[in-house]
Number of protein chains: 2
Amino acid sequence: MHSAPRWTATRQRLYDAAAALISERGFSATTVDEIAERAGVAKGTVYYNFASKDGLLEALMLHGAEELAASLRQAAQGAVRHGGGPGGALDAMVRAGLAFIDRRPAFAKLYVAELWRCDRPWQETLAAVRGRVVAAVEEELRAGAGPGGPEGRPDVSLTASALVGTVLVAALDWKVFQPERPLEEVHRALAALLEGRVAGAGGPT
Amino acid sequence: MHSAPRWTATRQRLYDAAAALISERGFSATTVDEIAERAGVAKGTVYYNFASKDGLLEALMLHGAEELAASLRQAAQGAVRHGGGPGGALDAMVRAGLAFIDRRPAFAKLYVAELWRCDRPWQETLAAVRGRVVAAVEEELRAGAGPGGPEGRPDVSLTASALVGTVLVAALDWKVFQPERPLEEVHRALAALLEGRVAGAGGPT
DNA sequence: CCTACCGATCGGTAGG
DNA sequence: CCTACCGATCGGTAGG
């Protein structure tokens, strides 16, 4: 009997190969042959593990979003346990988001490239993918009802979406255009921006 | 002699058609025939106006970034003239960014889909495109040196990049997933986030 | 600015 | 009999 199921490792290799190639070249410009070659298997093996090239992308996105959402939730819970307060939990999520994209930049590139396209076969799957990520942030926003009461805070889902965008674009710009910077520096810039040390400088309320 | 140069209108139609199709399906999945058909010309006309499919995309991105940067600068200048202060200028740029994406969602989708890919033929052009947008924001950040002096403000280029990301992702999420919301509501959510009314709620400084 | 056409390569599946 | 694969090739379509 074989102890560790081999297909798990094969699928993981296919995920990694597909993410790396599609994130750089785009879905249609990446051939199934290339994905298979990079994963070290034959093309037929791709179709043994997934119904189609589309199916591979959907599974890949779902898999990555699961990891990201789990990472965000874990960071928030850790911060709360260590007494950081609700603001500390958000800060921890920002840092966890940066760290995730640091490890998996390909997933982030795929996410921004595909998420807002409206007429693709995997549109519904991607809406679910977005939901998992944004929900993790929304939960923390609701848990940490800030000062000033509800009347001072705008819509939670809009805020969560904007927060995800802040981290996503800052992290991608960092990895692609200024990779020599330490994560800590990017985190500081985001913390300052989100604490109003940039925009709060005299604008009308 | 022909009064209004026809090729200007033809290129504009090709820009619009290409942006609409490529932003939804991706570059490789969009055929030159489709672009030509939507623009109401024959395929050969595309190659009469542009050297290649790649060249059309590059010109399209440059054209759009020019419009966006101009719109941002104009908004900032208008706010300063009306005495809004540096904070008011940033707020005006956020609003102008939302309004631009409201008018040209296809450009925003193209931007996020292509900008961070590293091995494509038009990579350098896109870096220039990014530079034009981010520079417009950086100028305003430098002009409006906030309170607390330079030591309190983190890196300007990281902050500008994050600001662009905040507006970009919030606007795309808005247009795609909650199109019924008014622009004003999205703007309020972003203003609150950037004034620290969300993250400033008790985190460690 | 259009018609006609080429070199090459695509995603998906056959039998073993 | 089942699983996890491979070498070769199909019908259609791409950019130029």
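The chains referred to below are lettered A, B, ... by the order of the sequence lines, with proteins before strands, and numbering in each begins at 1.
- The separation between A:Phe50 atom CZ and D:dC5 atom C1' is 15 Å, rounded to whole Å.
- A:Ser52 has no side-chain polar atom (N or O) that falls below the 4.0 Å cut-off from OP1 or OP2 of C:dG11.
- A straight line from CD of A:Glu37 to P of C:dC10 spans 12 Å, rounded to a whole angstrom.
- Out of D:dC5, D:dG15, C:dG12, the shortest distance to the side chain of A:Thr10 is found at D:dC5.
- Under the ring-ring contact (aromatic ring centres under 6.0 Å, His included) criterion, A:His82 pairs with no residue at all, not counting sequence neighbours.
- Under a cutoff of 6.0 Å and an axis angle of 45°, A:Arg11 and A:Phe50 form a cation-pi pair.
- Of the side-chain N and O atoms in A:Tyr47, none sit less than 4.0 angstrom from OP1 or OP2 of C:dT13.
- In DNA chain D, no run of at least 3 consecutive Watson-Crick or G-U pairs with both distances below 3.5 Å is found.
- Among residues two or more places apart in sequence or in another chain, the salt bridge (Lys or Arg N to Asp or Glu O under 4.0 Å) test is passed with B:Arg188 by none.
- By the 4.0 Å N-to-carboxylate-O rule, A:Glu140 lies too far from A:Arg73 to be salt-bridged with it.
- For B:Ala42, counting side-chain heavy atoms from C-beta on, the closest listed nucleotide (C:dT3, C:dG11, D:dC5) is C:dT3.
- For B:Arg130 and A:Asp173, the salt-bridge test passes: some basic side-chain N is under 4.0 Å from an acidic carboxylate O.
- One finds a salt bridge joining A:Arg95 and A:Glu184 here, because a Lys/Arg side-chain nitrogen approaches an Asp/Glu carboxylate oxygen to under 4.0 Å.
- In this model, a side-chain donor or acceptor of B:Lys43 finds a partner on the base of D:dG16 within 3.5 Å.
- Mapping A:Tyr48 and A:Thr45 onto DNA chain D via the closest heavy atom, the residue that lands nearer the 5' end is A:Tyr48.
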